[in-house]
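Beneath this line is the structure, given in structure tokens, with notes to follow.
Predicted model only: the values in this text are computed from it and were never measured.
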Amino acid sequence: MQTRKLGRQGLEVSALGLGCMGMSDFYGSRDEAEAVATINRALDLGVTFLDTADMYGVGANEELVGRVVRDRRDWVIVATKFGNVRGEDGSFKGVNGRPEYVRAACDASLKRTGLDFIDLYYQHRVDPDVAIEETVGAMAELVAAGKVKYLGLSEAAPATIRRAHAVHSITALQTEYSLWSRDVEAEILPTCRELGIGFVPYSPLGRGFLTGQFKTPDDLDEGDSRRNHPRFQGDAFQKNLDLVAAIGAMAADKGCTPAQLALAWVLAQGEDIVPIPGTKRRTYLEDNLKALDVVLSEADFARIDAVLPPGAAQGARYPQASMVSIDR
């Protein structure tokens with residue numbers, strides 16, 4: 001397995017991580033036995049970087065990840081997040097970055113995972129009512145206490161990243177980045193690189209859309225949260241499907257799958273980038289990992305940019321109610 005370094009504080013992980021969210025929440029049906037088998041298969045194949053959050057399955061995903069990795073704790077890197085608050089019934093109750101909440105959330109995550117420390121602890125969304133210096137200050141206390149090794153942010157704006165990094169070194173920023181979500185290229189990626197912060201793209205396969213597996217919105221299970229995303233709805237769905245068809249044609253020419261092409265493109269954007277494609281099935285996991293063997297030429301990049309330049313995808317990344325917490 002290829003490895004990459006995140007940040008300048010010594011964190012080294014597999015070049016591809018595994019996003020575990022869909023195993024417990026949001027993306028339709030769940031099969032815990034297959035989820036456990038998928039995580040174990042990832043670890044067997046050399047993946048060392050697992051991503052979860054306290055909001056995924058209202059804690060259930062952290063419990064799942066923790067249960068699987070405990071006997072391999074010495075080399076598995078577990079990243080989790082706090083800040084998006086949910087009730088026991090799954091309802092969303094806003095964002096909380098208050099210092100006392102940071103401490104309580106960390107203790108709760110440690111209890112659920114059964115781990116002695118969290119490798120990489122992200123603020124999932126920035127709380128607009130709490131100064132980032134206060135939140136990161138509380139996160140820094142967790143590092144000093146040995147409860148957390150490295151700190152991260154998610155979906156933060158460049159100015160916020162700078163202010164946070166001035167309080168304590170930020171090791172990684174996790175933000176959506178893929179062939180159809182290239183907003184970060186303008187300011188966020190350059191800011192991270194200037195400060196020596198690693199970049200962790202989530203949804204590098206466009207929530208599965210870039211794999212070519214969806215032909216109509218009805219291909220999504222009832223209850224799948226993607227049904228509410230603008231890019232999966234109405235005219236936007238068909239226009240985005242046309243983009244994916246073009247990606248599929250390029251992938252065929254390269255002798256790889258559309259998913260492998262999309263991941264290879266993200267991986268090629270820099271050695272400081274570690275994508276975390278999410279999946280809950282071993283077959284997709286194994287397909288994704290083969291992206292590490294796909295080499296793109298300058299002609300390939302030009303062809304891809306001609307079809308999917310920044311802003312090509314139709315529709316916002318999230319429903320409007322969720323977009324308000326992005327890029328704060």
Side-chain angles (χ1 to χ4, degrees), residues 1-20 38-53 62 65-66 68-81 106 109-110 113 115-123 136 139-140 142-154 156 161 164-165 168-175 177 184 188-204 263-279 285-286 288-295:
M1 172 60 67
Q2 302 168 28
T3 62
R4 292 185 171 187
K5 293 179 180 179
L6 287 175
R8 295 173 179 166
Q9 293 75 49
L11 181 58
E12 187 168 339
V13 299
S14 52
L16 272 180
L18 175 63
C20 299
T38 299
I39 297 174
N40 277 315
R41 182 62 175 152
L43 299 178
D44 290 343
L45 291 172
V47 173
T48 65
F49 190 34
L50 303 180
D51 184 86
T52 182
E62 286 186 324
V65 170
V68 176
V69 306
R70 277 173 212 161
D71 64 344
R72 294 186 257 197
R73 187 64 184 106
D74 56 335
W75 56 270
V76 177
I77 305 298
V78 176
T80 191
K81 315 175 200 70
C106 180
S109 290
L110 287 170
T113 59
L115 303 178
D116 293 331
F117 61 88
I118 296 165
D119 295 283
L120 177 56
Y121 201 40
Y122 295 100
Q123 182 183 20
V136 176
M139 295 168 72
L142 299 175
V143 176
K147 294 181 178 182
V148 170
K149 282 196 169 184
Y150 304 98
L151 302 184
L153 301 176
S154 179
I161 296 169
H165 194 65
H168 187 282
S169 297
I170 300 300
T171 294
L173 177 74
Q174 183 179 131
T175 293
Y177 185 36
V184 300
I188 292 174
L189 260 178
T191 299
C192 288
R193 285 172 171 159
E194 176 190 337
L195 300 175
I197 298 171
F199 192 84
V200 179
Y202 73 84
S203 295
L263 286 174
W265 181 88
V266 176
L267 285 161
Q269 301 311 302
E271 289 293 318
D272 55 348
I273 290 177
V274 179
I276 49 168
T279 185
L285 165 75
E286 292 171 3
N288 290 344
L289 288 175
K290 291 176 183 176
L292 292 164
D293 299 322
V294 176
V295 178

Note to self: So, taking the atom named CD1 in Ile77 and the one named NZ in Lys149, what distance separates them when rounded to the nearest 0.5 Å?
What the structure shows: 7.0 Å
Next item on the list: Of all the heavy-atom pairs spanning Val184 and Thr175, show the shortest one and how long it is.
Entry: CG1-CG2, 3.6 Å
Note to self: Test your reading of the model: is there a side-chain donor-acceptor pair from Gln2 to the backbone of Leu292, 3.5 Å cut-off?
What the structure shows: yes
Checklist line | Lys NZ or Arg CZ of Arg193 over Phe199 ring: under 6.0 Å, within 45° | finding: no
Notebook entry, point to check: Who passes salt bridge (charged side-chain N to carboxylate O under 4.0 Å, His left out) against Asp293, sequence neighbours left out?
Noted result: none
Margin query: According to salt bridge (charged side-chain N to carboxylate O under 4.0 Å, His left out), who are the partners of Glu12, at least two apart in sequence or on a separate chain?
Written below: none
Notebook entry, point to check: Who pairs with Ala140 by side chain to side chain contact (heavy atoms under 4.5 Å, CB included), at least two apart in sequence or on another chain?
Noted result: His168
Next item on the list: Would you give the length of the straight line joining atom OG1 of Thr191 to atom CG of Leu173, rounded to the nearest 0.5 angstrom?
Entry: 9.5 Å
Margin query: Just so I know, are the side chains of Leu195 and Ile170 near enough to count as touching, which here means a heavy-atom distance under 4.5 Å?
Written below: no
Check: Is the number of heavy atoms from other residues, nucleotides or ligands under 6.0 Å of Asp116 CG greater than 12?
Finding: no
Check: Once you round to the nearest 0.5 Å, how far does CD1 of Ile276 lie from CG of Asn288?
Finding: 12.5 Å
Check: Is there side-chain contact between Thr48 and Met1, with heavy atoms separated by less than 4.5 Å?
Finding: no
Notebook entry, point to check: What residue among His165, Lys5, Gln9 forms side chain to side chain donor-acceptor pair (under 3.5 Å) with Thr171?
Noted result: Gln9
Item checked: Nearest non-hydrogen partners of Gly270 and Arg4, listed with the distance -> O-NH1, 2.9 Å
Item checked: Gap between atom CD of Glu271 and atom OG1 of Thr3 - 0.5 Å precision -> 9.0 Å
Margin query: With rounding to the nearest 0.5 angstrom, report the CG to CG distance, Leu18 to Leu43.
Written below: 8.0 Å
Item checked: Heavy-atom closest contact (Ala172 atom, Leu6 atom, distance) -> CB-CD1, 4.5 Å
Margin query: Whether the side chain of Arg70 engages the backbone of Gly66 through a donor-acceptor N/O pair (distance < 3.5 Å, no angle test) should be reported.
Written below: yes
Item checked: Salt-bridge present (Asp272, Arg8; N to O < 4.0 Å) -> no
Item checked: Criterion side-chain contact (heavy atoms from CB on, under 4.5 Å) on Asn40 and Val68, from CA distance to verdict -> CA-CA 7 Å; Asn40 277 315; Val68 176; 3.4 Å; yes
Check: Looking at Gly17 and Pro277, what are the two nearest heavy atoms and their distance?
Finding: O-CD, 3.6 Å
Notebook entry, point to check: Heavy atoms, side chains only, cut-off 4.5 Å: are Ile118 and Leu110 in contact?
Noted result: yes
Item checked: Side chains of Val294 and Trp265 in contact at under 4.5 Å (non-hydrogen atoms) -> no
Note to self: Show the nearest heavy-atom pair for residues Val47 and Ser14, with the distance to one decimal.
What the structure shows: CA-OG, 3.6 Å
Item checked: Criterion side-chain contact (heavy atoms from CB on, under 4.5 Å) on Thr80 and Thr113, from CA distance to verdict -> CA-CA 10 Å; Thr80 191; Thr113 59; 5.9 Å; no
Margin query: On a heavy-atom basis, which atom in Tyr121 and which in Met139 lie closest, and how many Å separate them?
Written below: O-CE, 3.4 Å
Margin query: With rounding to the nearest 0.5 angstrom, report the CD to CD distance, Gln174 to Gln123.
Written below: 12.5 Å
Check: Are any of the side-chain heavy atoms of Phe49 and Val200 separated by less than 4.5 Å?
Finding: yes
